[in-house]
Structures are given as C-alpha cells and as structure tokens.
Colleague: 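A single structure is presented below for examination.
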Amino acid sequence: MTTPETPTRAKPNWRSILIWTAVSIAGAVAWGMIALVRGEEISAFWLVVAALGSYAIGYRFYARFIARKVLRVDDTRATPAERLDDGVDYQPTDRRVLLGHHFAAIAGAGPLVGPVLAAQMGYLPGTMWIILGVIFAGAVQDMVVLFISMRRNGKSLGQLARDEIGPIGGAAALIGVFSIMIILLAVLALVVVNALAESPWGTFSIAMTIPIALLMGFYLRTLRPGRVLETSLIGVALLILAIVAGGWVQASSWADAFTLSPQTLVFCLVIYGFVAAVLPVWMLLAPRDYLSTFMKIGTIGLLAVGVLIVAPTLQTEAVTEFATNGLGPVFSGSLFPFVFITIACGALSGFHALIASGTTPKMIQKESQVRMIGYGAMLMESFVAIMALIAACILDPGLYYAMNAPAGVLGTTVESASTAVANLGFTISPQDLQAAADAVGEESLVARTGGAPTLAVGMSEILSSVFGGEGLKAFWYHFAIMFEALFILTTVDAGTRVGRFMLQDTLGNVWKPLGRVGWKPGIWATSAIVVGAWGYFLYAGVNDPLGGINQLFPLFGIANQLLAAIALTVATTVLVKSGRLRWAWVTAVPLAWTAIVTLTASWQKVFSEDPRIGFFAQRERYAEALDAGEVLAPAKDLDQMQTVVVNSTVDGVLAAFFALLVVIIILNAAFICWRAVRSPEPLPSTEAPYVESKLLVGAAAPAPGGTGAPAPDDAPGDRP
C-alpha cells in the first residue's frame, strides 16, 4: 500500500537501458579506435560511429537536463509567436518546418570549410573539438540564447546584452555584434559568389528554389493548412527536378542566360537578401530554408551512407607535426588556439546566436521545442562538420596540400606544385595531380584554396565509390560545388533578416518607432542599410582581390568566436540574475574556454612577431619590402604591396578593438553577476510577463500559418 508520502518508484525501463548501454558501448569503442590506435591507418567508419553515439547521448541526457532543470521550460506559457502573431515576423510555425529553417540558417560555410582547413593538424584534434565542443558549448549556446530571446519577445543579441548587462557593456555589445555580423555576412556571400560564378547549373538550380519556396509557403498557408508532410513531398520532388534540370540547362542553349559574372551575382544576392528580409517569414524565408534542409541533410546522409559502405581509410595522421610547430602551409599557428578558431561552425559559432535571437524565437510554438530546435539543429550541423573532416582526411596528403597551400608556395603548374609538396614531406607526381583534376572535370586543382574545392573532391571520391563509379566522379564534384553554394546561401538571407532585427532594436533606443518590427518604413530602411553594408564590402571584394571583404577575411574566424563569447556572457548573466546560480556553470564553463581561446588568438594575431601570424608583424615586413622596392606574394606589384600594408594595419586594429569590446562586456557582466548574488532582491529583468498559452499544438485545429506539430517531446517544466 502506498501513500502520498511514500510514492511508488518507477519501474526501470529495461528496453531503454539496453538501447542506451549499446549506444554508449559503440561510442566508447569508436572513441578508443580514434584516440588510441597509432602507427596504422584507421577507417573513417569509426568517426561516424563516435559522432552519432556521442550526439545521441548528449541530446537524450544533457540537453534534456538543461531544458528541464536549468531553463525550466514551461509549455503552459505563451511564446511571443503566439502572443505577438503578426503574420510577418511573429508566426507560430510547425516545429519540423522551424527546425529546417533554423538548421538551414545556421549551417553556412563554417561546417564545410573549417574542418577541411583544420585537417592539416590531423584528424584527432578536429574530431574531438567538433564532437565535444558541440555537446558542451555550441549546442548549449544555441539552445540557451534561443530560450532567453524567446522569453524576451525575440530581442536580438545586442539588445539582450544592453538590457541585461547594462548601458556600458550593452553599448559595446551592440557595436561589436553588428560590426562582426556585417563581416560574417559579406564573407559568406563571397563564398556563394565564388561557387556560382560562371556556373549555369548551380545558378539555375538555386534560383529555382525561390519559386518553389513561394509555392510551399502559400500552399501551407492558404491551400492546405497544416499539411506539412504533403507540402514537403511536393517541395522535395520539385527540388530534385530543379537539380536535374540544372544539368540539362548547362548543356543547352539556355546556359548563357544562367552564366553570370561575379559582379552580376553580387547584385542578385543583394536584391534577394532585401526581399527575403522584408517579406513575411512564412512566404519565402521559412519554406526556402526548410526546402534547403532536405538538400543539405540528404546530401550529408548520402555521404554518411557512402562512408559506412566504403569505409574509406583516413590518409591523414592523427596529429601532424604542423599541430605543434605552427608552420602549416594551409594556415599558420599552433593547434592551440588556432584549431578552435578555424573550426567554428560545427563546434561553437557566435553567428548561431544571431539566428537564435533573430528569426527563430519569433516563430517557436512551445518552450519545450528549444531542445529540438536549438540543441538538435546544432548537432545536425556538427555532423556536417564531421563529414567534411572525413572528406578531407581520406584524400592523399599530397593532393590535399597541392590544393590547399597558397599559390605563392605551389606555383602555377603541376610540376611546381609537385616539387613544393615534396618539400613539405609529401609526395604526388605531376601526372597524378593532373589526373585528379581530369577526373573531376577541372583544368587544374593546384592552389584551389578555401576548403570548398577540397571538400568537393573528397565528396566525389566517396559518392562515386557507391553511386556510379569513376565515370560519375565529375558529376558528383560539380554537384558538391552547387550543394556548398546552396548550403551557404541560406545563412545570407536569414542573417540579413536578423541584421534588420538587430538594427531596429539598436535604433529603437534612439527613436521608438524604428524599434517596432511591424512598422514597414522601418523594416524597409533597416533592411536596405544591412544589405547595403555587406553588399558594399562584397562588391569591392569581387572587383579587387585585396580589397573589400578580402581585406577583412582574416578576421572571420576570430570575430565569429568573439561573438560566441558575447553570447555566452549574456546567457550566463541571465542565468545568474534569474536565480539559477547553481546551474550557471552550464554556460560559464564554455564561456571561460571560449574567452581564453579567442583572447589568446587575438593577442597572437595582434602582437606576434611572426609575420605569418601577427597582423602588425606582417605590416612591418611588407612595409620594409615596399621601401626596398620588392614585391612579395600575394601582391603582384608595388600598389598591391601598399594595399597589403593597409589591410594588415586595419585587421590588426580591428582585432584589438573587438577583443577589447569583449573584455569590457565580460567585466561588466561579472560585476552585474556579483551584484545579483549579493542583492537580497532580484535585479530588474526584461523577461516578458507570464501569459497562459491557448495554442493547442498537434490538435485538429492548426495554428495560424498552417502549423500543427506533434506534441512536444518534453513535459512542461516548473514555471519560474
């Protein structure tokens, strides 16, 4: 007999225990193979098993703990999507569609390119940072920032910092976040332009995703509300048709119409970014990102199947000599801190905090969905990063360095590249290097830096081994290039909309009407400013290889991670102020790690005496050469030498400036946390008042905008 004082103990679920025990054992064996096997090559199969096992455990246990204990999600509480539904920015959205939108918006160039470049350090450092970093830092940041913004009516990261930390740290955050965001958007847009320039196949296929997305938006909104699966099948079928038709267009008389110059693509991207930022979110942005997710996940899924079937051998060492001596030809610097800067998206990315405090919190139906959307989407991106790392590490090291070392080291011919690679300690003959280019339909693969071509070659190696053989290697290579462009473009449109939100929040502190997200003149004006800012740097960079965004490109990695430090600072401050001091370590520990890494990297980039690392040391080297009338690569004449001097100066000043802003924000936040702990009364909070939810998720009557998701996977938590 039981009483309320002696509750019954739940019976153990032996099936669940057996499943999670098996997952744990499989993951442990895989980690053992990755970390302990030395002196012999291992299969990429083990990286996939280690990643999937770790993700499953992290999502099932750690993410659930954070949702229930730390955040105390409450599904009886109305989200801003329900309370402020305006059909433009605030829109209750089916969690499956929102997961697709959020994943597509956060997954840009980082998870594809960063791991490829970091492969010069070996497969072990990158694998450990990608998997452990996402579980304990990246996914935590995305989930917590999403929750905090959702509780504050979807406020942007900069405004959250101003409201919760104070005017000094808030002003530093507003300036730093917006400046860094413009740099990130311009860099991402440049990658898209480079991928699509003179490519009718890619341009046509990606252009077709716009009318397909519009069709899906109206279909789900007006024609068949709530029919998410039906709409998805139609969209995927049309997407596949668009991809196949892209190949037909490339071989037809229409090819010239879709063969666009880089300059033309810049204007197309700017116009598209503006339109995507001002149209209602249900009409274009959400369905297009959701559609893109099928392409992204489908391709990565194919790649994973290929790895599991072929089980390719990793050609890269576990840890290379470049990890310790810092003399890598792909990028200079030792493993700490630069591998953690190079691999950002996929492990921890500040850009994600912009999306988590931008479009997504204005569309989420129920609080418990932050776990699936915030934490789950980041795990998906991390798996993309693992697959990119595998694609790079299965290549012959000679080919990898022949593609990723700079032209100044390799020269322009296969013969000079072969000799340069031999000087690095690796071997590839000129014949093999040319054969690799011929196999993928390229004239040359020498000095194809940036990571994207290397990823495409690695993907073509794996996919052609399973689907089509050597005869389809060129097809899979060009398919991968198009896939990368589509992957990255979805971050540009969502990022532009987030930039609009951020600018409206900031200017709203000066003039209130601009802070109203529903005021159309404010929407149009701020959207135009954002696309004009990144569009200017993009256009200048397209026309000048050393100008525009090319000038700021070296800041990309550090700026992104400094942004993560700001996001984690805001998250930690809010947890402490809201009475969750005992759980603040959840964000404080990754904050401490990120601050150490980014500030160390910033210090080295500013003050290092090695011109390959330090901006000012590079400036001094080129200035001395300029005075002597010498020309050093990548400059081709004395005018470009002067440009390099200016660029190095600007990069050094901005790196120091961004680092200083982050230090100010952290110190200000530490003071606020100290006050919160010492104060007998809770400090003021900007959290929106509790309003009971009337939204029935999964009921027969769908929510506005054609929603109707299944019931949340977690029970409501305690209401704070």
Side-chain angles (χ1 to χ4, degrees), residues 117 120-121 179 183 186-187 190 321-339 341-342 401-402 404-413 416-417 419-425 446-450 537 540-559 562 598-660:
L117 301 180
Q120 80 162 5
M121 299 286 189
S179 303
I183 294 174
V187 169
L190 180 64
E321 62 178 340
F322 301 129
T324 53
N325 63 25
L327 302 178
V330 179
F331 63 90
S332 299
S334 57
L335 188 153
F336 180 86
F338 289 106
V339 77
I341 298 297
T342 304
Y401 289 107
N404 289 283
V409 174
L410 296 170
T412 58
T413 66
S416 63
T419 301
V421 168
N423 293 334
L424 294 173
V446 174
R448 295 293 301 274
T449 57
F537 287 110
V542 164
N543 288 284
D544 182 358
L546 295 177
I549 192 56
N550 296 308
Q551 180 185 49
L552 303 175
F553 195 92
L555 293 171
F556 179 81
I558 287 180
L562 286 172
T598 52
L599 294 178
T600 300
S602 298
W603 180 273
Q604 292 188 18
K605 295 299 289 185
V606 173
F607 296 108
S608 174
E609 297 180 356
D610 187 342
R612 293 168 303 179
I613 299 175
F615 289 129
F616 290 126
Q618 183 184 71
R619 177 194 181 281
E620 183 177 350
R621 178 188 179 191
Y622 276 79
E624 291 176 352
L626 181 62
D627 292 339
E630 299 178 19
V631 176
L632 305 176
K636 297 180 180 179
D637 53 44
L638 293 179
D639 288 339
Q640 289 192 352
M641 287 288 293
Q642 181 61 46
T643 301
V644 173
V645 171
V646 173
N647 289 355
S648 301
T649 304
V650 170
D651 289 340
V653 170
L654 286 178
F657 176 66
F658 289 149
L660 179 61

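As a basis for the values below, the full set of heavy atoms in this structure was taken, side chains included, without hydrogen atoms, waters or symmetry mates.
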Colleague: Hey, does L190 have a side-chain heavy atom less than 4.5 Å from the side chain of V542?
Modeller: yes
Colleague: Measure the shortest side-chain to side-chain distance between L117 and N404 over non-hydrogen atoms and say whether it is less than 4.5 angstrom.
Modeller: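 A side-chain contact under 4.5 Å exists here.
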Colleague: Sort and list the pairs that fulfil salt bridge (charged side-chain N to carboxylate O under 4.0 Å, His left out) and have at least one residue in residues 599-627, not counting sequence neighbours.
Modeller: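 Salt bridge (charged side-chain N to carboxylate O under 4.0 Å, His left out) check on residues 599-627 returns D610-R612.
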Colleague: When you compare the side chain of T342 with that of F556, does any pair of heavy atoms fall below 4.5 Å?
Modeller: no
Colleague: In Å, rounded to the nearest 0.5 Å, how long is the span from OG of S602 to CZ of F657?
Modeller: 13.0 Å
Colleague: Give the minimum heavy-atom separation between F615 and P554, together with the two atoms involved.
Modeller: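 The answer is CE2-CB, 3.8 Å.
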Colleague: Could you report the tightest heavy-atom contact between I341 and G557, atom names first, then the distance?
Modeller: CG2-C, 3.5 Å
Colleague: Can you tell me how far the OG1 atom of T649 sits from the CG atom of L654, to the nearest 0.5 Å?
Modeller: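 So the gap between those two atoms works out to 11.0 Å.
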Colleague: Please determine whether side-chain contact (heavy atoms from CB on, under 4.5 Å) holds for the pair I183 and F658, giving the CA-CA distance in whole Å, both sets of side-chain angles, and the decisive distance to 0.1 Å.
Modeller: CA-CA 12 Å; I183 294 174; F658 289 149; 4.0 Å; yes
Colleague: Closer than 3.5 angstrom, by distance alone: can the side chain of Q604 be matched with the main-chain N or O of I613 as a donor-acceptor pair?
Modeller: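 Pair absent, no side-chain N/O of Q604 close to backbone of I613.
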Colleague: Evaluate the criterion side-chain contact (heavy atoms from CB on, under 4.5 Å) for residue pair V330 and Y401; output intermediate values, then yes/no.
Modeller: CA-CA 8 Å; V330 179; Y401 289 107; 4.3 Å; yes
Colleague: Can you name the closest pair of heavy atoms from V606 and A656 and give their distance?
Modeller: CG2-N, 3.9 Å
Colleague: Out of curiosity, M121 CE to F336 CZ, how far, rounded to the nearest 0.5 Å?
Modeller: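 If I round to the nearest 0.5 Å, the distance is 12.0 Å.
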Colleague: Rounded to the nearest 0.5 Å, how far does CH2 of W603 lie from OG1 of T600?
Modeller: 10.5 Å
Colleague: Taking atom CZ as the centre, does F338 end up with more than 12 heavy-atom neighbours from other residues, nucleotides or ligands that are less than 6.0 angstrom away?
Modeller: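 Correct, the count exceeds 12.
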Colleague: Looking at L546 and P634, what are the two nearest heavy atoms and their distance?
Modeller: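 Shortest heavy-atom contact: CD2-CG, 4.3 Å.
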Colleague: When Y622 is tested against each of T643, V646, N647, L632 for side chain to side chain contact (heavy atoms under 4.5 Å, CB included), which residue passes?
Modeller: L632
Colleague: Which atom names give the shortest non-hydrogen contact between D651 and L555, and what distance separates them?
Modeller: O-CD2, 3.5 Å
Colleague: One pair to check against side-chain contact (heavy atoms from CB on, under 4.5 Å): L552 and V650. What are the steps and the verdict?
Modeller: CA-CA 8 Å; L552 303 175; V650 170; 4.2 Å; yes
Colleague: Give me the atom names and distance for the closest heavy-atom approach of F322 to L424.
Modeller: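 Heavy atoms of F322 and L424 come nearest at CZ-O, 4.5 Å.
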Colleague: Taking salt bridge (Lys or Arg N to Asp or Glu O under 4.0 Å) as the definition, give me every residue that meets it alongside D639, ordered by chain and number, with sequence neighbours left out.
Modeller: none
Colleague: Could you go step by step and tell me if V631 and L638 meet the side-chain contact (heavy atoms from CB on, under 4.5 Å) rule?
Modeller: CA-CA 6 Å; V631 176; L638 293 179; 4.0 Å; yes
Colleague: Can any side-chain N or O of S334 pair as donor or acceptor with the backbone N or O of G326 at less than 3.5 Å?
Modeller: no
